[in-house]
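For the single chain, residues carry numbers from 1 onward in sequence order.
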Amino acid sequence: MEVPKNLIERWQRNINSGSSKKKRNLIKLAIILGLCAVAAFLIIFYMTDLISKPNEELGVVNNPGEWPMYGRDLARSGLEKLGDVVPKGEVTKVFTANAGMHSSPVIAGGVIYVGSRDGNLYAIQESSGQLLWSHKTESWVESSAAVVNNVVYFGSNDGKFRALNAKTGEKLWEYTARYPIKSSAAVAGGKVYFGGDDYTLHCLDAVTGKRIWSKETGGTINSSPAVSGGIVFFGSTDGNLYALDASNGRQRFRLNTRRIIVSSPIVSGDTVYFSTTDAVVFASDGKARNWFGEFIIRPPWQVLAFYGDLPAPPPPSGFLWSLLSWGDTSVASPTLQGENIYVGFAKKVVSINVSARGKQWETPVEDNVVYAGVLSQGIVYAATANGHLYLLETANGRIIRDIPIGGPIFSDPLMVDGKVYISSEDGNLYVVR
């Protein structure tokens, strides 16, 4: 019996149609699986350390008797080995520039490096006060220098960042960031990190000055970055604390405080402490990661939670706790010694216990506090804008010494070998013994 030709053709079409449909389904499945694989990879890459882990050994070793960068070290601890020497109050001029100094001095290899509003970075022999060399820029030098491997790194308000030979002052390289640089640099692992008024954190090759990566934020960056565990932490006037992988700039998390941050963070273990201009101290988990879609999902979630339609969302990624001092302002960076944070809130020196997460004591002074930190055993040193250095007991905040320096202070002091060095608006670098 002969099968009609039209039936054979219909049968072939059905087979071909079924085969094509299977192929299309297999292609769709492959695309879906591929997209899932890409999504899984991105989630693992951006939210875990399984694929790319920060270099936790990234750091620099400071020699005893040196304070080679702002905050002394990459964690911005502001601490050397604490001694028992307490200055008696003898104030001496070490060096005089041609304009005010807002740059905090640093010391390395027996040389003090400090910037001035006369546009110069100065290198001064610590033992004699002799000027070794100066380097002229085109604007104020308000950032503090960082001295690593006999190279001095610093920014200027002329928008340029420079690397100089520490012994001669010879320029090694120059990088243009367009707008003023007030952030003090961190140098680690062959890279140099600093922020600027161009809203950007820059990462350069420390040897050549070539840009490795950059991270743009929503505000200016006066905050001096801290580096710990292979992570760079810094604040921006956009209200965020940022945590980036120091090697490639990949964002690990940002914590939105909705407040202005100009101070520098300090890192202790896995915790990052920082303050805002309206006198709020924050503690953040330095190992945190933003969860997927956090900045998109969280705002409407908060609104729905406010009206009782959903439970409250979890705290922002990285947030541990905060403490507000009502009605105060602050430009000082906090310091940490043991279990206590010390910071200046307007005309007060404040001690905060991190375990109790509360204020331990506060002591009023005559003018705004620009620095408060422990530089010797049991003593808090507080510098004020009207040119006074106060010594207070760490236990209760009692003032035991009030030392007039001679000029207004807008920078952090430092102590090496029992001597406190302070730069002043009157153009003088002072030492207090």
Taking everything shown except [X] itself, do over 12 heavy atoms lie less than 6.0 Å from its [atom1]?
{"X": "Phe319", "atom1": "CZ", "value": "yes"}
{"X": "Lys167", "atom1": "NZ", "value": "no"}
{"X": "Asp309", "atom1": "CG", "value": "yes"}

Please round to the nearest 0.5 Å and tell me the distance separating atom [atom1] of [X] and atom [atom2] of [Y].
{"X": "Leu132", "Y": "Gln130", "atom1": "CG", "atom2": "CD", "value": "6.0 Å"}
{"X": "Phe253", "Y": "Leu244", "atom1": "CZ", "atom2": "CG", "value": "9.5 Å"}
{"X": "Trp133", "Y": "Asn120", "atom1": "CH2", "atom2": "CG", "value": "10.0 Å"}
{"X": "Phe282", "Y": "Ser263", "atom1": "CZ", "atom2": "OG", "value": "10.5 Å"}
{"X": "Arg254", "Y": "Asp238", "atom1": "CZ", "atom2": "CG", "value": "7.5 Å"}
{"X": "Thr329", "Y": "Ile260", "atom1": "OG1", "atom2": "CD1", "value": "11.5 Å"}

**Asked** Which residues satisfy the side-chain contact (heavy atoms from CB on, under 4.5 Å) test with Pro299, sequence neighbours excluded?
**Response**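 Once residues adjacent in sequence are excluded, Pro299 has no partner under the side-chain contact (heavy atoms from CB on, under 4.5 Å) criterion.
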
Between [X] and [Y], which heavy-atom pair has the shortest distance, and what is it?
{"X": "Ile231", "Y": "Gly286", "value": "CD1-O, 3.7 Å"}
{"X": "Ala186", "Y": "Val227", "value": "CB-CG2, 4.0 Å"}
{"X": "Val370", "Y": "Ala385", "value": "CG1-N, 4.4 Å"}
{"X": "Ser144", "Y": "Ser184", "value": "N-OG, 2.8 Å"}
{"X": "Ala99", "Y": "Asp118", "value": "CB-N, 3.4 Å"}
{"X": "Thr217", "Y": "Ser236", "value": "OG1-OG, 3.1 Å"}

**Message:** Check the orientation of Phe95 and Tyr122. Use parallel for under 30°, tilted for 30 to 60°, and perpendicular for over 60°.
**Reply:**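 The arrangement is tilted - the two ring planes meet at 30° to 60°.
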
**Message:** Tell me whether the rings of Tyr193 and Trp213 are parallel (<30°), tilted (30 to 60°) or perpendicular (>60°).
**Reply:**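 Ring orientation, 0 to 90° scale: tilted.
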
Taking [X] for its side chain and [Y] for its backbone only, find out whether a donor-acceptor pair lies under 3.5 Å.
{"X": "Thr335", "Y": "Gly78", "result": "no"}
{"X": "Ser275", "Y": "Ser333", "result": "no"}
{"X": "Trp301", "Y": "Pro311", "result": "yes"}
{"X": "Tyr113", "Y": "Ala166", "result": "yes"}
{"X": "Asn240", "Y": "Tyr242", "result": "no"}
{"X": "Thr363", "Y": "Val350", "result": "no"}
{"X": "Ser143", "Y": "Lys182", "result": "no"}
{"X": "Ser223", "Y": "Gly235", "result": "yes"}
{"X": "Arg72", "Y": "Leu414", "result": "no"}
{"X": "Glu66", "Y": "Gly109", "result": "yes"}

**Request:** Check each of Phe194, Phe154, Tyr175 against Phe161 using the ring pair (Phe, Tyr, Trp, His ring centres under 6.0 Å) test, and report the only one that passes.
**Result:**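 The residue from Phe194, Phe154, Tyr175 that satisfies ring pair (Phe, Tyr, Trp, His ring centres under 6.0 Å) with Phe161 turns out to be Phe194.
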
**Prompt:** How far apart are the C-alpha atoms of Leu391 and Val380, what are their side-chain angles, what is the distance that settles it, and do they pass the side-chain contact (heavy atoms from CB on, under 4.5 Å) test?
**Reply:** CA-CA 6 Å; Leu391 277 59; Val380 181; over 6 Å; no

Would you call [X] and [Y] a side-chain contact if the rule is heavy atoms closer than 4.5 Å?
{"X": "Gln337", "Y": "Tyr342", "answer": "yes"}
{"X": "Val262", "Y": "Thr237", "answer": "yes"}
{"X": "Arg433", "Y": "Pro87", "answer": "no"}
{"X": "Tyr273", "Y": "Ile341", "answer": "yes"}
{"X": "Tyr371", "Y": "Pro413", "answer": "yes"}
{"X": "Glu142", "Y": "Ser103", "answer": "no"}
{"X": "Val114", "Y": "Met101", "answer": "yes"}
{"X": "Ile212", "Y": "Lys191", "answer": "yes"}

Is there a donor in the side chain of [X] and an acceptor in the side chain of [Y], or the other way round, less than 3.5 Å apart?
{"X": "Glu393", "Y": "Asn396", "answer": "yes"}
{"X": "Asp73", "Y": "Ser77", "answer": "yes"}
{"X": "Asp197", "Y": "Thr220", "answer": "no"}
{"X": "Thr276", "Y": "Thr257", "answer": "no"}
{"X": "Tyr381", "Y": "Ser376", "answer": "yes"}

Note: [X]-[Y] ion pair, threshold 4.0 Å (strictly below):
{"X": "Asp285", "Y": "Arg289", "answer": "no"}
{"X": "Asp278", "Y": "Arg259", "answer": "yes"}
{"X": "Glu126", "Y": "Lys419", "answer": "yes"}
{"X": "Asp328", "Y": "Lys348", "answer": "yes"}
{"X": "Glu366", "Y": "Lys347", "answer": "no"}

**Item:** Lys NZ or Arg CZ of Arg76 over Phe274 ring: under 6.0 Å, within 45°
**Value:**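 No - Arg76 does not lie over the ring of Phe274 by the 6.0 Å and 45° rule.
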
**Message:** Does His388 form a side-chain contact (heavy atoms from CB on, under 4.5 Å) with Tyr390? I'd like the steps, not just the answer.
**Reply:** CA-CA 6 Å; His388 285 247; Tyr390 292 90; 3.6 Å; yes

**Request:** Kindly indicate, with the supporting measurements, whether the criterion side-chain contact (heavy atoms from CB on, under 4.5 Å) is fulfilled by Val349 and Val365.
**Result:** CA-CA 7 Å; Val349 182; Val365 291; 4.3 Å; yes

**Asked** Are Ser156 and Ser139 close enough, and set up right, to give a side-chain hydrogen bond (donor to acceptor under 3.5 Å, both in side chains), and what steps lead you there?
**Response** CA-CA 6 Å; Ser156 168; Ser139 187; 5.1 Å; no

**Request:** Would you check, one step at a time, whether the test side-chain contact (heavy atoms from CB on, under 4.5 Å) holds for Leu201 with Val232?
**Result:** CA-CA 10 Å; Leu201 185 87; Val232 181; 4.0 Å; yes

**Request:** Let me see the working for Asn222 and Ser183 under side-chain hydrogen bond (donor to acceptor under 3.5 Å, both in side chains), right down to the final yes or no.
**Result:** CA-CA 5 Å; Asn222 293 334; Ser183 166; over 6 Å; no

**Message:** Run Glu294 and Ser317 through side-chain hydrogen bond (donor to acceptor under 3.5 Å, both in side chains) and show every step you take.
**Reply:** CA-CA 8 Å; Glu294 178 172 350; Ser317 296; 2.6 Å; yes

